[in-house]
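All of these numbers come straight from a predicted model, not from anything done at the bench. When a ligand or atom number is given, it counts from 1 through the structure's own listing order.
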Amino acid sequence: MADVLFTNVRIFDGSGDMPYTGELLVQGNRIARVGRSGYGARTPPLLGAQVIDGAGAFLMPGMVEAHTHFSWNDQPSLDAIQRMPPEEHILWCAQVAGRYLDMGWTSCVGAAAAKPRLDVVIRNAINDGTIVGPRYLAASQEITVPGGLGDTTQPHLPQPEFAFGAIVSGAEEMRRCVRMFAKYGVDSVKINLSGESITGMPSERSQFTEAEVTTCVEEAKAWGKRVAAHARSTWSIKQCVKQGIEVIYHASFTDSEALDLLEAHKKQHFIAPGLAWLVNTCHHASEWGLTPEVTRKMGYHRELDAALETMQALRKRDVRILPGGDYGFAWTPHGTNAKDLEYFVKLVGMSPMEALLSATAWGGPMMRMGDERIGQLKEGFLADLLLVDGDPLADITVLQDKARILAVMKDGAFHRAPAARVARSTRWAA
Ligand SMILES: [Zn+2]
């Protein structure tokens with residue numbers, strides 16, 4: 001792997017500082033040097049390095065998607081996702097994984113798979129180079145209760161193969177289920193703590209007993225697995241804090257106690273609200289029968305208002321809010337994920353700087369890579385980075401446009417190399 005030197009780039013390093021014009025050197029899979037133009041007197045010999053003159057393009061860390069479902073297949077219903085045969089389904093996941101990398105998401109946190117082992121198989125295939133995709137954390141299916149969100153079985157077809165989620169009732173069934181997913185090799189266990197109005201169970205309803213939740217967390221921790229929760233209701237959000245469930249998806253309906261709890265434990269949690277799903281379900285899903293009248297009746301317009309209020313409050317309290325969430329429905333297709341950043345700016349009140357940090361610097365720890373660091377452009381960090389035509393701090397929507405993402409590098413290798421002017425260095429020092 002040749003060294004790569006980016007010159008003449010605007011460097012957004014993910015530290016919170018404003019971008020500056022500089023150079024960045026990648027050696028192997030790491031960032032070896034980064035700094036302002038002309039600082040590099042101590043740069044080691046670079047003969048043979050690939051030099052990329054960025055012509056002022058924006059160089060930033062690769063983005064982290066915090067709530068990813070590769071196996072959602074851009075269809076309009078849970079049934080349509082679940083009924084895809086496993087052979088086609090794994091091919092779909094492989095193809096979608098590449099789409100994320102194309103769009104600059106160099107890391108994704110799996111948030112549930114539609115069949116028991118899809119996520120694990122895809123993660124392993126990415127890691128061993130069989131397929132191309134972002135760094136990935138594999139999730140279990142959604143664990144749910146009979147009649148709850150994710151139980152798509154029919155009374156006459158009760159077989160687990162017809163279920164979108166893994167259905168348990170009682171603490172011992174929960175224990176068995178968590179152990180099964182641990183055996184399959186997931187990184188995280190997903191539990192559906194609240195309903196989801198589109199499935200017929202209202203978002204504000206909570207479906208598990210506290211004892212079942214306790215068993216889930218206890219067993220997951222015993223196996224060294226992270227727990228992530230679908231938590232739209234107030235009770236479910238409080239359970240996440242009380243039980244130490246690190247990853248909270250949605251967190252729409254809060255009261256002052258829930259907000260106080262989240263603020264008091266903000267270092268222990270990541271929130272990924274999945275705003276694009278709510279916005280587009282309310283306003284852009286008519287083609288699939290979900291007109292605004294229908295989704296208003298389902299309660300989603302009220303939920304969108306509640307979720308925005310919650311996110312605005314959490315932002316003021318410095319709670320980490322991350323992009324991503326439930327892309328893979330017909331009205332929120334995979335690859336459009338940077339819309340979350342636009343909504344963070346336009347609807348939550350984040351500055352573009354905060355929105356970019358939420359996708360990079362805050363995403364790094366979300367990936368739980370221990371001593372290996374991502375999410376910032378710093379010496380020693382793994383070389384996951386994007387070259388962007390434009391300034392996302394001036395217009396955050398440029399990150400939605402594939403043509404504006406000129407290059408994507410993961411782990412020091414180009415997934416998409418820039419078409420920009422490239423020269424071989426003949427310099428001995430930068
Ligand atoms: Zn989800």
Side-chain angles (χ1 to χ4, degrees), residues 64-82 92-93 96-97 100 105 108-116 118-119 122 136-144 148-152 163-166 181 186-199 201-203 206-208 216 226-233 236-237 240 245-253 269-282 285 300 303-304 307 310-311 321-337 339-340 343 363 366:
V64 179
E65 224 277 0
H67 179 169
T68 315
H69 301 288
F70 285 157
S71 55
W72 285 198
N73 58 6
D74 289 352
Q75 294 291 311
S77 70
L78 294 191
D79 268 346
I81 296 169
Q82 199 278 331
W92 167 266
C93 294
V96 164
Y100 274 77
W105 301 93
C108 293
V109 178
K115 295 183 174 70
L118 289 175
D119 255 21
I122 287 293
Y136 194 60
L137 295 179
S140 69
Q141 272 175 299
E142 303 187 348
I143 302 177
T144 189
L149 163 60
D151 178 4
T152 51
F164 187 79
F181 284 118
V186 299
D187 297 301
S188 72
V189 168
K190 171 76 175 292
I191 181 168
N192 284 349
L193 289 184
S194 79
E196 176 70 64
S197 301
I198 201 169
T199 66
M201 185 188 194
S203 298
S206 309
Q207 54 189 7
F208 279 103
C216 175
R226 171 191 249 176
V227 183
H230 171 94
R232 293 191 183 275
S233 69
S236 66
I237 296 163
C240 288
I245 295 175
E246 186 183 12
V247 181
I248 307 176
Y249 291 137
H250 308 301
S252 302
F253 293 102
H269 296 283
F270 297 93
I271 314 272
L275 290 181
W277 195 87
L278 276 179
V279 170
N280 289 288
T281 301
C282 287
Y300 278 119
E303 178 165 353
L304 176 57
T310 294
M311 292 312 134
I321 304 170
L322 274 62
D326 287 331
Y327 287 86
F329 278 86
W331 51 94
T332 52
H334 291 293
T336 59
N337 308 57
K339 274 193 177 295
D340 266 48
Y343 297 136
M366 178 72 173

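Within the coordination shell of the Zn ion (ligand 1), defined by N, O or S atoms under 2.8 Å, H250 is absent. For a distance bound of 2.8 Å, the N, O or S atoms of H230 include none lying that close to the Zn ion (ligand 1).
In this structure the side chain of N73 never reaches within 4.5 angstrom of the side chain of Q82, judged on heavy atoms.
A distance of 9.0 Å separates SG of C282 from OH of Y300, quoted to the nearest 0.5 Å. W92 contributes atom CH2, which lies 12.0 Å from atom CD1 of I122 (distance to the nearest 0.5 angstrom).
Looking only at its N/O/S atoms, D326 has OD1 as the one nearest to the Zn ion (ligand 1).
Under the 3.5 Å distance criterion, the side-chain polar atoms of H67 are left unmatched by any main-chain donor or acceptor of V109.
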